[in-house]
Amino acid sequence: MPSSPAQMALGRARSPALVLAAAVLGALCVVALSEDEQLENLRFVQHAQDAPLVSHYNYIVVGGGTSGCPLAATLSEHSRVLLLERGGLPYRNMSNQEHFTDALADTSLASPAQRFVSTDGVVNARARVLGGGSCLNAGFYTRASNEYVRTAGWDAGLVNSSYRWVERALVFRPDVPPWQAALRDALLEAGVTPDNGFTFDHVTGTKIGGTIFDNNGQRHTAADFLRHARPRGLTVVLYATVSRVLFRSQEGVPYPVAYGVVFADPLGVQHRVYLRDGGKNEVILSAGTLGSPQLLMLSGVGPQVHLEAHGIQVLVDQPMVGQGVADNPMNSVFIPSPVPVGLSLVQVVGITKSGSFIEGVSGSEFGIPVSDGARRLASFGLFSPQTGQLGTLPPGQRTPEALQRAAEAMRRLDRRAFRGGFILEKILGPVSTGHIELRSTDPRANPAVTFNYFQEAEDLERCVRGIQTIERVIQSRAFSNFTYANTTVESIFTDSANFPVNLLPRHVNDSRSPEQYCRETVMTIWHYHGGCHVGAVVDDNYRVFGVRGLRVIDSSTFRYSPGTNPQATVMMLGRYMGIKIQAERWRK
C-alpha cells in the first residue's frame, strides 16, 4: 500500500536528527505569558540573594507551585507569609533587575524544569519556576469528580467555592478549532457518550473543558494568584533552595516541633527563616510529589534505614514517606493530516466507562521557537526539547546551541512530516504505585523515582481499552478529513511506535499487540502524586504525623490523580486549605 507524504518524510528522517526534530515537533504549547502587571514589579517579590540572613513569619510555605501560590495568597490575607520558590519568574522581561538577568544567564537556574529519567526508563520533568507545573502543562482545566471529593472527605461547599475562586482568576472557555471539533465528534461516534458540551465537571462522556490560556493565546499560571495577595502580608523569595526543616524539642510536647527552615541562595549563602512565637504558626511543604517527600527525608522524617544510609539523623521513623508514588501513564499516536492543521492544545476529553481518558493536541508548528517583534516565544511542553519526553538529548547536553540545532534540523525536514496531531490516551488511577528515594543529601538533586508503570494488570487493561478507542476515532467518519485515505490504522501505530518517546528497549516485529504498544511507548503526562498520603504520612488536615507545626499540602497527598487533569484540584486544595487554616487560627 502506498505511503502518505507524511509517512515517507518521517521514514527518510528516522535518524538521530529525528530524535531532536520530533522533540520540537511535539511541543504542546508556546508559552506566551503576559508582560503587563508582571510579578517582578510587585514589591513583595525578591531574589534569594537579597533576602535577609534571618527573618520571622507566621507561615513559611516551601514551593511556589500549583498549590503553594494559592495557599500563600490566601494565608496572606490575615498573616505574614513567606513563600520560598527554588526557580524564577515565568515571565520574559526581567531586565529591570540585575539579579534576575544574572540568574537567567546561569543555565542551572534558568530552565523552568529539571529533566530526569525515572528508574522505569521514562523521561520526565520537574517544574522549577514560580507557578510550578501550570507554567509547563497543556493548560487543560477540569474538576475532580463528586465521588473523588466525597472519598477525600472534603467539605463539598468549600470545595466548590474554592474551585470558583480559581476559575475567576485564570480559567477561560476555549475556542474549538476544526481539528478539536473533529476529535469531539469522532469520540462521540466511537461511543464515548453522552455529549456533555462545555463543562468543568468530571462526568462520563465527551466534553470541552476549560483552559488557562486566554483568547489571545497567553498562558495564565498559579503565579497569577499572588496578585490577589495582601502585599503587606506576603514575601516571595525566588531561587531559594530549601535544604531542611528545623525542629526542636518543646516542653510538654512529645514530638519534635517545626520552628523554621534553612535555604540557600544561588551563591550558596545559607539563610534561616523562623516561625514567629505562637502555637498556630506553621511550616507548610508545597514542593510537589517529588519535592515534599524529599524534603521530609532530608529533615529526618522518613524510613529509618534509608535515612541512616545517607547519614541523616532520624527524628521520626516514618516508613511511608516516599511510598505510594504514582504517575498516570500516557500513550500517544501521531495522526498525519492531508490538510493543514491549526495549533491547538488539550480542549476536548473523552471520559470512557472503561477507565481511560482520550485527549488530543494538534498543530503544524508544534512550538518551533519563533520571534515576535521584540519578544521571544519559548516552547515548553510535553514533547519539547527543553522539558518533554521526545527530547531524549541528555540534560547535560541541552545547551541553547543544541536546542537551536534541533530546531534547525526540523526546519530542513519535509514540512508534511509535521502536519497533523497527537491523540493521547491515559488511564484512571493508576493502581500501580512506586516510591521515591534519596540519591544524595543535596537538595538540588532530583530523588530517584520509580513509578512501576503497568505493574498491575488493571492499568494495562485500561490502556488497551483506550488504544482501542483511539483506533475507532481514527477510523470514524467524523475524523476522516484529517487522515489519509490510503493509510491504515496499523501503519499509523507502527510509525508512532518508532518515535523515541522513552529509553525502554524495543521489540522489533511486524505487528504489535495493544499491550506491547502500551508498555513500549509509555510516557508521562506529569500527573505525579503520592509519597505523603493522607492517613499514612499526614492526617485529614494535612498535618505530618509524629511532629508538630508542619503540614504537607500538594499532590503528594493524593492516592489517585483527580479527574482527567489534576491542576484544577491542586489549585483548589491550596485555596481550600488556606481558608481552613485561617479559620483554625482564629478559633479559640
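Here the structure is a predicted model, which is why all the values come from computation and not from measurement. FYI, the numbering just counts along the sequence from 1.
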Quiz item: Is it true that a side-chain atom of T221 and a backbone atom of A223 form a donor plus acceptor pair closer than 3.5 Å?
Solution: yes
Self-check item: Side-chain heavy-atom pair E425, T469 within 4.5 angstrom cut-off
Solution: no
Quiz item: Is any side-chain heavy atom of Y59 less than 4.5 Å from a side-chain heavy atom of R585?
Solution: yes
Quiz item: Do you know the tightest heavy-atom contact between A326 and T433?
Solution: CB-CG2, 4.2 Å
Quiz item: Looking at L183, T193, V473, which one forms a side-chain contact (heavy atoms from CB on, under 4.5 Å) with L188?
Solution: T193
Practice problem: Measure from the side-chain N and O atoms of N216 to the backbone N and O of Q218, and report whether any donor-acceptor pair falls under 3.5 Å. | Solution: no
Practice problem: Taking the side chain as every heavy atom from C-beta outward, state whether V339 and N481 have any pair of such atoms under 4.5 Å apart. | Solution: no
Quiz prompt | Residues Y517, F493; criterion ring-ring contact (aromatic ring centres under 6.0 Å, His included); working and verdict | solution = CA-CA 8 Å; Y517 189 89; F493 273 87; 5.0 Å; yes
Exercise. Establish, from distance only, whether the side-chain atoms of Y528 and S556 form a donor-acceptor pair under 3.5 Å.
Key: no
Quiz item: So, T206 side chain and V192 main chain: donor-acceptor pair closer than 3.5 Å or not?
Solution: yes
Self-check item: Stepwise side-chain contact (heavy atoms from CB on, under 4.5 Å) test for T450 and D120
Solution: CA-CA 6 Å; T450 302; D120 312 277; 3.9 Å; yes
Quiz prompt | Chi angles and distances behind the side-chain contact (heavy atoms from CB on, under 4.5 Å) call for R465, E461 | solution = CA-CA 6 Å; R465 297 286 183 88; E461 181 180 350; 3.5 Å; yes
Exercise. Find out whether V159 and M572 are in side-chain contact, i.e. whether some heavy atom of one side chain is under 4.5 Å from a heavy atom of the other.
Key: yes
Quiz item: With side chains defined as the heavy atoms from C-beta onward, is the minimum distance between Y453 and V122 less than 4.5 Å?
Solution: yes
Quiz item: Under 3.5 Å, side chain of Y576 to main-chain N/O of D155, donor-acceptor pair present?
Solution: yes
Quiz item: Between CG of N502 and CG of N124, what distance do you get to the nearest 0.5 Å?
Solution: 10.5 Å
Self-check item: Nearest-0.5 Å distance that lies between atom OH in Y141 and atom CG in N565
Solution: 11.5 Å
Self-check item: Heavy-atom side-chain proximity of F225 to R575 below 4.5 angstrom
Solution: no
Practice problem: Drop me the distance from H527's NE2 to S561's OG, to the nearest 0.5 angstrom. | Solution: 6.0 Å
Quiz item: Got a donor-acceptor contact below 3.5 angstrom from the R219 side chain to the N137 backbone?
Solution: yes
Practice problem: Classify the side-chain pair R419/S337 by whether it contains a donor and acceptor separated by less than 3.5 Å. | Solution: no
Exercise. Report, as yes or no, whether the 6.0 Å neighbourhood of atom CZ on F482 holds more than 12 heavy atoms from other residues, nucleotides or ligands.
Key: yes
Practice problem: Apply ring-ring contact (aromatic ring centres under 6.0 Å, His included) to H202 and Y148, showing your working. | Solution: CA-CA 10 Å; H202 182 90; Y148 191 99; 9.1 Å; no
Quiz item: What distance do R143 atom CZ and T199 atom OG1 have between them, rounded to the nearest 0.5 Å?
Solution: 8.0 Å
Quiz item: Among T142, T564, D201, D195, whose side chain to side chain donor-acceptor pair (under 3.5 Å) with K207 holds?
Solution: T142
Exercise. Please report the closest heavy-atom contact between C463 and N331, naming both atoms and the distance.
Key: SG-OD1, 3.3 Å
Exercise. Please name the residue in the list L285, L84, L83 that meets the side-chain contact (heavy atoms from CB on, under 4.5 Å) test with I60.
Key: L84
Quiz prompt | Side-chain donor or acceptor of N328 paired with backbone N/O of I427 under 3.5 Å | solution = yes
Exercise. For residues G563 and F357, report the shortest heavy-atom separation together with the two atoms involved.
Key: O-CE1, 3.7 Å
Practice problem: List the atom of G209, the atom of P174, and the distance in Å for their closest heavy-atom pair. | Solution: O-CD, 3.2 Å
Quiz item: Taking the side chain as C-beta and beyond, is there a heavy-atom pair between I284 and M577 under 4.5 Å?
Solution: no
Quiz item: Looking only at heavy atoms, which two atoms of N215 and R173 are closest? And how far apart?
Solution: OD1-O, 3.8 Å
Quiz item: Side chains of S134 and T66: donor-acceptor distance under 3.5 Å anywhere?
Solution: no
Quiz item: Can you check whether L296 reaches C532 side chain to side chain, under 4.5 Å on heavy atoms?
Solution: yes
Practice problem: Decide side-chain contact (heavy atoms from CB on, under 4.5 Å) for S496 and T521; before the verdict, give the C-alpha distance in whole Å, the side-chain angles of both, and the deciding distance to 0.1 Å. | Solution: CA-CA 8 Å; S496 292; T521 68; over 6 Å; no
Quiz item: Does the side chain to side chain donor-acceptor pair (under 3.5 Å) test come out yes or no for R230 and S76, once each step is laid out?
Solution: CA-CA 6 Å; R230 182 174 66 92; S76 74; 5.7 Å; no
Quiz item: If you look at every heavy atom in A138 and F213, which pair is closest and at what distance?
Solution: O-CE1, 3.9 Å
Quiz prompt | Nearest-0.5 Å distance, OG of residue S555 to CG of residue L290 | solution = 9.0 Å
Practice problem: Among V361, T211, V176, find the residue that satisfies the side-chain contact (heavy atoms from CB on, under 4.5 Å) test when tested with Q347. | Solution: V176
Quiz item: So V325 and H435, side-chain contact (heavy atoms from CB on, under 4.5 Å) or not? Walk me through it.
Solution: CA-CA 5 Å; V325 173; H435 58 273; 5.5 Å; no
Quiz item: Is a side-chain donor or acceptor of D459 paired with a backbone partner of S432 at a separation under 3.5 angstrom?
Solution: yes
Practice problem: Output the distance between atom CD (E189) and atom CG (L187), rounded to the nearest 0.5 Å. | Solution: 10.0 Å
